[in-house]
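Since the structure comes first, as structure tokens, the remarks are kept for the end.
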There are 2 protein chains.
Amino acid sequence: MNKKKIIVVGGGFAGLEATKVLAEEPGVEVTLIDRNNYHTFQPLLYQVATSSLEPAEVCPTLRGVFQSADNVRVLMGEVSSVDPETSTVVLDEERLSYDYLIMAIGGRTTYFGKEDWRERSTGLKELHDALTIRARLLKSFEEAEREPDPEKRKEYLTTVIVGGGPTGVELAGALAELRTHVLKGQYQNFDPAQARIVLIEALPQLLNGFPDELGRYTKGVLEDLGVEVVTEQPVKELERSAVHTADKVYRARNIVWAAGVEGYPMAKELGADTTKKGTVKVCPDLRLSGRNNIFCTGDMAHFETENGKPLPGLAPVAMQQGAHAAQNILRLERGDLTEKFVYNDRGAMAVIGRTHAVANLFGKKPLKGFVAWVAWLFIHLLFLVGYRNKAVVLVRWLWSYIGWRNGARVLNTLYLKNDPLTEHADVDKAVEKELVGSGGRG
Amino acid sequence: MNKKKIIVVGGGFAGLEATKVLAEEPGVEVTLIDRNNYHTFQPLLYQVATSSLEPAEVCPTLRGVFQSADNVRVLMGEVSSVDPETSTVVLDEERLSYDYLIMAIGGRTTYFGKEDWRERSTGLKELHDALTIRARLLKSFEEAEREPDPEKRKEYLTTVIVGGGPTGVELAGALAELRTHVLKGQYQNFDPAQARIVLIEALPQLLNGFPDELGRYTKGVLEDLGVEVVTEQPVKELERSAVHTADKVYRARNIVWAAGVEGYPMAKELGADTTKKGTVKVCPDLRLSGRNNIFCTGDMAHFETENGKPLPGLAPVAMQQGAHAAQNILRLERGDLTEKFVYNDRGAMAVIGRTHAVANLFGKKPLKGFVAWVAWLFIHLLFLVGYRNKAVVLVRWLWSYIGWRNGARVLNTLYLKNDPLTEHADVDKAVEKELVGSGGRG
């Protein structure tokens, strides 16, 4: 009896969980394809951006994860198109056929249609983003150290983060600590604690989607950490070194755009209905309408709940959808009907700096402060893939918690090469070299 | 009373030790300059190349090391020239004056005059080298996974290392273990254990400088690990994908040139006598002849011992010379005479794979095997800068020793961008993306 061929496109949270369900199932062969050779644990990417963690710790290899699964094959490559008529995907120049297809390619940072803004800042969705942010940040501190003009120096030392959701909040808190505690005493020309961090949010509250009281609490904690929190101010214009709201212009060398996610253009290849955001509308059982062997999961999918609103682009949603799609395939193979997807909403959390967090865990009253922070740590460690990664991350966290030596300030100037923001000759000169930094004397 | 200004150029072993001696000394101000913002712990670079360790662990920031030294200033930049007449160095466009200068810029990989070979392979002297080796290696395994032609696949799976000194030996052993133990079961199109590793040495013995019996022992261990050891075969020609000896041509996608070190062209700027290797001749007290305030230390210096041979380019030599130069400056400031440098040769070690090593420790009979390996571990951990780094490295080593999951296979394709060896279109297409891998499920 021939095994059924299942192709999973995307090794993010959805694709990973789908493949895990199918691994070792008799009767199926899985090909997992990703353009990278790793899975990105996005919730901790901001710590790579601030040099607390190294890429290796948040990006386990897909081959490593599925090493012992005999029916799983991992391929690194980019799927350029899908042909539902012939049930094939095109991977670079190779055509691969499938019996079932699970699309899980995720989403990319959205600039709400203003595509020329895309090259003027960086997002925080991919590893490359995190390492670029890190490189620019460390480089601008080095520039500030050699800059005699206070106005120019101020621009080097300013970071603007656009987007007050968990990503923006967590990055802002971590940056605040980096400059106040970790980099203290390391520069002579300026006091790192004076580095300016601005968090801009279009809506009235931070952490839209969390209860208002947690949004207010978060604003308070960030302001205590020295972050300028600006709410109800959509960004009107984005330049390479400045962010414009209706009221003000913020000049900054470091601009991070964490304001939202949209579907990749490739999603339209599937020929299904897409939304304005570029996400693909799926049926209650996660299949494409009219395609009984193509499933769509995670950030790329638009899944309407009973109240008419789509599920948010969160990791737990992606994980549950990926697993559910895989289970539906197994049901079909058994001759059963598929089941509709129901999201088990256990809540959401965000951490602010080192000792504060907010948690809106389902069924419980909102948590904040130290207790929430411990819960956040525990849950993220739990879901981080790889026991060795868990051990190393724990060591790094414990160490920095005790010693405030916030880790591995690896400044890789290769990320500045061909960087649209490197207009400065001295930066360009530097881009041939690596900048790496690891935490103090430990 | 004005403090004396001391400039230290180079944050490697020599520059680091010199600055440590001068830190907190009253009456002196130190400016430590390096083109990177970190110190490279070169003895462990090969582990970054094979993905056991991450850059952060072997590259502590210079700012972090000297964070609490009030009289030490760290600047990141490249010194383009030195003017002994005016006692100034030129750093980018800035002129910095000094009372004393300690040059410690190290050396670069030598191609024995064949400069066009430089772009056809990579060395293993800088962090960039290690990450490039890692990227190429992981990428060629991914290519092999998708390559139907066995001859082409063999080329992808071949690594040639030129140079049988400690660097080449240690890399060969680590690569052998990577493919035999760590990557086992992760690929379907080929067996990683079949990946070919060739170590080519021009002299009759590996580890020239160690006793012959240790060289023979090392060859035996490497051959047991499946490495092809080729001795007494100088390289006649180097192509981008092939190494030619007198007898054979080795076709390989991964070529590492670890055959020796020469002085940087910049060393000649000092106007002193240089050797054919580009190293600078120094007086017994490490000063330049005729320059009473310029010292030269480490790999860039040519220090003749009583038997007429120069000291080798080893880390302990650099460390002792750096410290000695600094101490001589302090003697001069006290009105004393300088003292001549005497190298305290405690011996040398090399590790082969995970459980074997050779150690030629002064005053003891040559050690080999497991005992030597424990000693190697201990000494390298001891000298690694940063307690947090020591802790993380120890965790990684213990973990991989127990589990054979040899770590962080971070494949960063950014290192393949503008890579002279990327002749293949599919690799070029990949270079926009990051490849990262961290060890299995731990």
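Residue numbers begin at 1 in each chain, while the letters A, B, ... track the order of the sequences.
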Original post:
Do you know the tightest heavy-atom contact between N36(A) and E126(A)?
Top reply: ND2-OE1, 4.4 Å
**OP:** Let me know if E145(B) has heavy atoms under 4.5 Å from chain A in its side chain, its backbone, both or neither.
**Re:** both
**OP:** Under 4.5 Å heavy-atom distance to chain B, tell me which part of D34(A) shows up: side chain, backbone, both or neither.
**Re:** neither
**OP:** Pick one of side chain, backbone, both or neither for R73(A), based on which atoms fall under 4.5 Å of a heavy atom in chain B.
**Re:** both
**OP:** Using the side chain to side chain contact (heavy atoms under 4.5 Å, CB included) rule, pick out the option among V74(B), N37(B), T19(B) that qualifies with L62(B).
**Re:** V74(B)
Subject >> Ion pair R136(A)/E143(A), N-O distance below 4.0 Å >> reply: no
Subject >> Residues, nucleotides or ligands: over 12 heavy atoms within 6.0 Å of K20(A) NZ >> reply: yes
